[in-house]
2 protein chains.
Amino acid sequence: MLMQTPIRPTAALPVTATVSGRPVALGAIELMGSQMSFAANEEIFGENEPCEYVYKVVSGAVRTYKILADGRRQIGGFYLAGDTFGLEVGTEHHFSAEAINKVVVRVVRRSAIVAQAERDCEAARELWTITARELKSAQERMLLLVKSAPQRLACFLLEMSARLAVANTLELPMSRQDIADYLGLTIETVSRTLTQLVSDATIGLPTSRRIVVRNRSALAELNA
Amino acid sequence: MLMQTPIRPTAALPVTATVSGRPVALGAIELMGSQMSFAANEEIFGENEPCEYVYKVVSGAVRTYKILADGRRQIGGFYLAGDTFGLEVGTEHHFSAEAINKVVVRVVRRSAIVAQAERDCEAARELWTITARELKSAQERMLLLVKSAPQRLACFLLEMSARLAVANTLELPMSRQDIADYLGLTIETVSRTLTQLVSDATIGLPTSRRIVVRNRSALAELNA
DNA sequence: CGACCATTTGATATGGATCAAGCGATGTGG
DNA sequence: CCACATCGCTTGATCCATATCAAATGGTCG
């Protein structure tokens, strides 16, 4: 149960600081820690494993998830460049985490962070802030999961668009199955709903992973 | 039906330890603050209002909620004796809160708590812990909301049973509508599902608000 | 080219929503 | 004290959104 996360710290890739524009968490210890990288679909940590590290995405995309008793998978969240994940108050992870594509993360030992927070109230507040951000996103998902399929997709697209769109075009890192498991739908429903949005001219879908937002207000109104 | 403790809204009742068995949050400032009481269905605070106080339930039950764009209400959580609610990292509430029945709370000014946390890392950790507990429960609800109606009810009953059952019997403070809005179901589905559990002899329902858990493992297995 | 996998599309089934009515407890006014 | 209104809950009938089952399409890589 203890020990080896299947983590191999690769020799320092010269990752060009892919720092996103958002308020950077873990500021106080921002410069500490080393980098690790993971191949697509590689496990980063498992549910119930001891929480050894806290992770910050440098590049790539990560999903956290749980496998439900009936075998379905529920995705807890997607983490993109600049996002922090894997932080727990307790000493065990509540979700598993996997790389969606090639991922580089910076890691800091949990023990170091917690020790720091015991001395430095500023650092302690950062931990609180990170957890509160997670809470907000979990609460938003709660609201998502009681909406209709088109509404869920619209929310998802707006969320992703805000994170990684350039000129209304975005390249999704995750598969239809990932999206379905995130939104609590089936892959077929996700696909059909996207097709519908295309025929409404709300979005374009030049390739299955590339989305063009053609009518943002139509997406927003779906939730109105 | 006289179930609630008869608590008067009088000024300063010298409330002695409102101790629940759980690790007491806000320990450092546990003794500060004054009491407030609310009548059934009275608003405690509204969404987007400035977060002036943090609340701890002394007696009664509280619901937090949002009204969705289509008019439906989603309940964020139920808070019973000993639970803390209304704490935000930012300065605005994300949900509204109402008393379900007659409620007494102890309140502490948010500014006092935050100021304390800036000096005292121990207090800062408490804030983190409270928010992390909220996060865990929001994540559990995420998982709930993708399950079948009987599974959601089973989860709900086990959760409530753990909180307020005495000898396998519990008195629900909340209405069917509250339960429905908590579980993302309709009132009819909640009612039918409970009826089904009764005919399975999984629970007894001597009155509409009183639940007797007859076969706990059957409830647990529903989620298996 | 051919195998494989992700995605889309089609046909059908079903769980829970919706619409509608009935029931039991509680309270109110005549 | 009883007729009646009200409210919360239950039950019944029907509908519909999404799941499920099944097959076709298309992109990728050996």
Side-chain angles (χ1 to χ4, degrees), chain A residues 39-41 61 63 68 70-74 100-102 144-157 171-200 203-211 222-223, chain B residues 1-4 40-41 61 63 68 70-74 100-101 144-157 171-200 203-211 222-223:
Chain A
N41 298 308
R63 61 183 169 245
L68 305 184
D70 61 4
R72 280 180 309 157
R73 178 185 68 162
Q74 175 65 30
I100 290 177
N101 45 22
K102 184 103 187 77
L144 232 200
L145 291 176
V146 301
K147 295 184 181 174
S148 71
Q151 289 177 321
R152 294 187 212 187
L153 255 299
C155 274
F156 171 75
L157 291 175
E171 199 72 36
L172 294 176
M174 69 288 286
S175 69
R176 293 289 186 271
Q177 188 64 60
D178 288 335
I179 299 171
D181 292 347
Y182 182 69
L183 299 178
L185 299 169
T186 59
I187 185 176
E188 293 95 331
T189 298
V190 170
S191 183
R192 276 187 246 273
T193 305
L194 287 175
T195 301
Q196 184 56 47
L197 290 173
V198 170
S199 42
D200 297 345
I203 63 170
L205 207 54
T207 76
S208 70
R209 296 289 183 102
R210 179 170 299 143
I211 308 270
L222 265 175
N223 296 315
Chain B
M1 183 182 295
L2 40 131
M3 33 159 302
Q4 309 106 318
N41 298 309
R63 60 180 170 247
L68 305 184
D70 60 6
R72 280 180 308 156
R73 178 184 67 162
Q74 175 65 28
I100 290 177
N101 45 23
L144 232 200
L145 291 176
V146 301
K147 294 183 181 175
S148 71
Q151 288 177 321
R152 294 186 213 188
L153 256 298
C155 274
F156 170 75
L157 291 175
E171 200 71 36
L172 294 176
M174 69 288 287
S175 70
R176 293 289 185 271
Q177 189 64 61
D178 287 336
I179 299 171
D181 292 347
Y182 183 68
L183 299 179
L185 299 169
T186 60
I187 184 177
E188 292 96 331
T189 298
V190 170
S191 183
R192 276 186 247 272
T193 304
L194 286 175
T195 301
Q196 185 56 48
L197 290 173
V198 169
S199 42
D200 297 345
I203 63 171
L205 206 55
T207 77
S208 70
R209 297 287 184 103
R210 180 170 298 141
I211 307 272
L222 265 175
N223 295 316

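Chain identifiers are assigned alphabetically (A, B, ...) following the order of the sequence lines, protein sequences preceding nucleic acid strands; residue numbering begins at 1 within each chain. Just so we're clear, the structure is a prediction, and the values are computed from it rather than from any experiment.
Residues A:R210 and A:E171 share a closest heavy-atom pair of NE-OE1, 2.8 Å. Shortest non-hydrogen contact noted between A:L222 and A:A154 is CD1-CB, 3.6 Å. Taking all atoms of both residues into account, the shortest heavy-atom contact from B:L145 to B:Y182 is CD2-O, 4.4 Å. The two residues A:P173 and A:I100 make their nearest non-hydrogen contact at O-CG2, 3.2 Å.
Side-chain contact between B:Q196 and B:P150 is absent, with no heavy-atom pair separated by less than 4.5 Å.
Distances from the side chain of A:E188 to the nucleotides C:dT9, D:dA19, C:dG16 place C:dT9 closest. Closest to the side chain of B:T189, out of C:dT9, C:dG16, D:dT11, is C:dG16. Among the nucleotides C:dG16, C:dT7, D:dT11, the one closest to the side chain of B:R192 is D:dT11. Nearest nucleotide to the B:L205 side chain, out of C:dT9, D:dT10, D:dA19: D:dT10. When distances run from any side-chain atom of B:T186 to the nucleotides C:dT18, D:dA19, C:dT7, the shortest one goes to C:dT18. For B:S191, taking side-chain heavy atoms from C-beta onward, the closest of the listed nucleotides D:dT10, D:dT18, C:dT7 is D:dT10.
Side chain B:Q177 to base D:dC7: no donor-acceptor pair is found below 3.5 Å. Not a single donor-acceptor contact under 3.5 angstrom links the side-chain atoms of B:R209 to the base of D:dG8. One cannot find a donor-acceptor pair under 3.5 Å joining the base of D:dT11 and the side-chain atoms of B:R176.
To the nearest 0.5 Å, atom OG1 of residue A:T193 and atom CD1 of residue A:I203 are 10.0 Å apart.
Distances shorter than 4.0 Å separate some side-chain N or O of B:T195 from OP1 or OP2 on D:dT11.
Rounded to an integer number of Å, the gap from A:D181 CG to D:dT18 C1' is 15 Å. Between A:D70 atom CG and D:dA19 atom P the separation is 13 Å, expressed in whole Å. Taking atom CG on A:D178 and atom P on C:dT7, their separation rounds to 9 Å, with Å as the unit. Following rounding to the nearest Å, A:R152 (CZ) and D:dT18 (C1') show an atom-to-atom distance of 9 Å. One interatomic measurement links the two molecules: CD of A:Q196 to C1' of D:dA17, which rounds to 13 Å at whole-angstrom precision. Here the P atom of nucleotide C:dG16 and the CZ atom of B:R72 are 15 Å apart, to the nearest Å. Computed from coordinates, the B:L153 CG to C:dG15 P distance equals 16 Å when rounded to whole Å. Distance B:I187 CD1 to D:dT11 C1': 13 Å, rounded to the nearest Å.
Note on A:L194: nothing from the nucleic acid sits closer than 4.0 angstrom, heavy atoms only. Residue contacts for A:T207: at a heavy-atom cut-off of 4.0 Å it reaches no nucleic acid atom on any strand shown. At a threshold of 4.0 angstrom between heavy atoms, the contacts of B:S175 are confined to the sugar-phosphate backbone, with no base atom among them.
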